Number of protein chains: 2
Amino acid sequence: MESSPKRMPTLDEVAQRAGVSRTAASRVINNAPHVSRAKREAVERAVRELGFVPNPTAQALATRRVGAVVLAVSSDEPGLFADPFFAEVIVGVSAALEQTDLELILLLANTPRGRDRLERLLRSRRADGVMLMALRGDDPLGRLAEQTDLPVVFGGLPLTGEPRWYVDADNRGGARLAAEHFVRTGRRRPAMITGQLDTQVAAARERGFTEGLALAGVPLLGVEAGDFTEDGGAAAMERLLAAHPAPDALFTASDAMAIGALRTLRTRGLRVPEDVAVIGFNDLASARHTAPPLTTVHQPVRSLGREMARMLVGAIEGNDPGPLILPTRLTVRESAPDVPTEA
Amino acid sequence: MESSPKRMPTLDEVAQRAGVSRTAASRVINNAPHVSRAKREAVERAVRELGFVPNPTAQALATRRVGAVVLAVSSDEPGLFADPFFAEVIVGVSAALEQTDLELILLLANTPRGRDRLERLLRSRRADGVMLMALRGDDPLGRLAEQTDLPVVFGGLPLTGEPRWYVDADNRGGARLAAEHFVRTGRRRPAMITGQLDTQVAAARERGFTEGLALAGVPLLGVEAGDFTEDGGAAAMERLLAAHPAPDALFTASDAMAIGALRTLRTRGLRVPEDVAVIGFNDLASARHTAPPLTTVHQPVRSLGREMARMLVGAIEGNDPGPLILPTRLTVRESAPDVPTEA
DNA sequence: CAGAAAACTGGAAGCGCTTCCACTTCTCCG
DNA sequence: CGGAGAAGTGGAAGCGCTTCCAGTTTTCTG
């Protein structure tokens, strides 16, 4: 029933009404040169009177420019996207795209079917470029993405090598800050909960933390792998406590996991920060409202989104913007205060 | 430099290689009837050999079906989208769309420019349908959306009247549950922090709460308007405390505002739930991790997204799925426990 | 086995816009 | 005032695919 779309006026009708050729009309709506003032005005009037809006599909077909880019979030964790991290990225991406006339296609590729669609999307020129986030290490998508001739910007490095275009946060440096903070505040039995290590982010954070401790000569008590989710963090904390003598500091590769760990610590009757100091990673809104408020490595998530989009736009326009590493810093709150706590 | 896209094989080439007409080839890739088995196989082979993928733009132009729908989030609060609520909606929408071959275009229309784009999008047949969320009361977008002949599904009722298609949570009923819970647990001085009242959600929640109290004969101590954000909630709480003698219960129209209110209460030295019981609305992940964990009205956010998408798909296909109201329920946690607390 | 219905086939006309190209008309300056 | 170069103009050929239509071939019935 709804299937008889009111016919929209076409460029031909505009041209006819304005008494000019379609070519001229086209020039006007794209405000290209080589149109006399008179005709230009005539066309503009006709456009107004008819309520003409160019059909983007037809434009796309003729120009071979779709006018859209995709942001693909690829992961195995179906719930991962719920992490406010992505919302923040999207806000950044969206803000940058708003300056252009590119639409944003969002693709959650966490099921086999979703991946197929992403693959198809990549091959079919349905978008002018792609931003790819959260690739697992063995994800074939990265390579696929690079094979296509579409510009692809990675959000965070894939494990499969350094792509031509990417923007990432300084994960390694940030994790190192966490280590240094622990050392500085007198913690000597630090442990860590990582993300999936087949992920570049997780690996970089693990590496940075280890490095930081090594430099200070403090041994790492233990490491457990989480999955960036809260429940994963809680479980990892259980394992950590079971396997190792009481740690006095914990660094997690994400705030979500820190929150999970806090839960476990509370259950176990361990006090934060008195018994265990905790540092997370991300510093999104939720970190401010844990009990106690979370000390965490801050990364500029919105900027990350913004820069990804900008880089992609640049690439589409034929520039070759280099990769970009965004700085991280430590946000100190009560879960790992600046001064050593009396235990 | 990137501007010379490797030419993709076209349907013509496939047809030629398979020794059939383009018509036949087209039928095969759309697996339409009226193609002999032999030709079908020939075409399939050619497709495989050439790595042919149909060009969606050309298909769209020919069929007048774009193969994409947009999810527009319209608001004045630039930060609103960061609310995990939307992430959850998107997950639902995305899950539903995955069953179809529709792409999801995400549009954050929180700036004037963004609104322009949305308007243009609506007029230009760049999508086959639209899901619209978080309209402000006076938002002209709603009406605009209905004027276009594109199917439009609303997420949450707009104030401007009941649209043909929408899905909403039972906000009024949920708020009523909160009121009843307070009454049942002996609270007699309840206050409320609402959202922007020019918003249907906020209005419905306010109304439900008021109603619930009225039915039990308990007077509402005071009301302050927030803006669905955490900071707004904190500020509203300040005003509430300044304007009214100590409330013993607080209902907020969102978890975010509840979290803000908790902060203020803590600062003011008021204990939750002993001095003030608190109930929020939404029940997303964050509600579990406040201190104390938040009692809140649960709404099935992911389902909301899923159902919006399903409804839209139905509408696009020419059905007329009626509106849908999703149930809400109370999730009881420590901020407003089931048994009256000794004060 | 005749005749009708059902299944195939492919040519051609679009879908709505851009852009190359071959002209025609102005402008400007020595 | 003549001629070169810039500006303006519109016809026509696409962009890559779908689909109507007219005709051809098969397959079924009775």
Side-chain angles (χ1 to χ4, degrees), chain A residues 3-44 46-47 50-67 101 120 123-128, chain B residues 3-43 46-47 50-68 101 120 123-128:
Chain A
S3 43
S4 69
K6 224 176 304 162
R7 233 181 52 59
M8 299 292 290
T10 71
L11 189 58
D12 266 311
E13 294 167 328
V14 169
Q16 202 151 22
R17 176 167 197 129
V20 304
S21 72
R22 198 198 328 170
T23 306
S26 171
R27 290 201 180 105
V28 172
I29 69 167
N30 293 304
N31 52 67
H34 303 303
V35 188
S36 66
R37 188 181 172 69
K39 295 208 185 228
R40 166 156 277 136
E41 280 166 359
V43 171
E44 278 162 354
V47 164
L50 258 37
F52 170 80
V53 179
N55 178 323
T57 304
Q59 287 183 300
L61 186 58
T63 57
R64 293 137 160 288
R65 278 279 236 112
V66 180
D101 52 0
R120 219 181 157 67
R123 291 202 208 281
S124 73
R125 253 206 139 47
R126 199 193 174 103
D128 298 318
Chain B
S3 42
S4 68
K6 224 175 308 165
R7 233 182 51 58
M8 299 293 288
T10 72
L11 190 57
D12 265 311
E13 294 167 329
V14 170
Q16 204 151 21
R17 175 166 197 129
V20 305
S21 72
R22 197 194 333 163
T23 306
S26 171
R27 290 202 180 104
V28 173
I29 68 167
N30 293 305
N31 53 69
H34 303 304
V35 187
S36 67
R37 189 179 170 70
K39 296 209 184 231
R40 166 157 279 135
E41 279 168 1
V43 171
V47 164
L50 260 36
F52 170 80
V53 179
N55 178 322
T57 305
Q59 288 182 301
L61 186 57
T63 58
R64 296 138 161 286
R65 278 280 234 107
V66 180
D101 53 359
R120 218 179 158 68
R123 290 202 209 281
S124 72
R125 254 207 138 42
R126 198 193 174 102
D128 298 317

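Nothing here was measured: the structure is a model prediction, and the numbers come from that model. In what follows, chains carry the letters A, B, and so on, assigned in the order in which the sequence lines appear, proteins first and then strands, with residues in each chain numbered from 1. Excluded from the calculations below are hydrogen atoms, water molecules and symmetry mates; all remaining heavy atoms, backbone and side chain alike, are included.
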Check your understanding: Reading nucleotides 17-26 of chain D from the 5' end, what letters show protein touch, with B for base, S for backbone sugar-phosphate only, - for no heavy atom under 4.0 Å?
Key -> BBBBB-----
To the nearest Å, give me how far apart [atom1] ([X]) and [atom2] ([N]) are.
{"X": "R40(B)", "N": "dG10(C)", "atom1": "CZ", "atom2": "P", "answer": "14 Å"}
{"X": "R37(B)", "N": "dT9(C)", "atom1": "CZ", "atom2": "P", "answer": "13 Å"}
{"X": "M8(B)", "N": "dG16(D)", "atom1": "CE", "atom2": "C1'", "answer": "12 Å"}
{"X": "H34(B)", "N": "dA6(C)", "atom1": "NE2", "atom2": "P", "answer": "11 Å"}
{"X": "N31(A)", "N": "dG8(D)", "atom1": "CG", "atom2": "C1'", "answer": "16 Å"}

Point to revise | Closest-nucleotide 5' rank along DNA chain C - winner of L61(B) and V35(B) | key: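 This one resolves to V35(B).
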Please list, chain by chain and in numerical order, all residues satisfying side chain to side chain contact (heavy atoms under 4.5 Å, CB included) with [X], sequence neighbours excluded.
{"X": "R27(B)", "result": "T23(B), A32(B), H34(B), V35(B)"}
{"X": "R65(B)", "result": "T63(B), D128(B), I316(B)"}
{"X": "D12(A)", "result": "T10(A), R22(A)"}
{"X": "Q16(B)", "result": "none"}

Practice item. Report the nucleotide, chosen from dG10(D), dC15(D), dC8(C), that has the shortest atom-to-atom distance to any side-chain atom of V20(A). Key: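 Per side-chain heavy atoms of V20(A), the pick is dG10(D).
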Check your understanding: Between NZ of K39(B) and OG of S21(B), what distance do you get to the nearest 0.5 Å?
Key ->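 So the NZ of K39(B) and the OG of S21(B) are separated by 7.0 Å.
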Atom pairs and distances, side-chain donor-acceptor, residues 52-62 of chain A, under 3.5 Å, sequence neighbours left out:
{"unit_1": "N55(A)", "atom_1": "OD1", "unit_2": "T57(A)", "atom_2": "N", "d": "2.7"}
{"unit_1": "N55(A)", "atom_1": "OD1", "unit_2": "A58(A)", "atom_2": "N", "d": "3.1"}

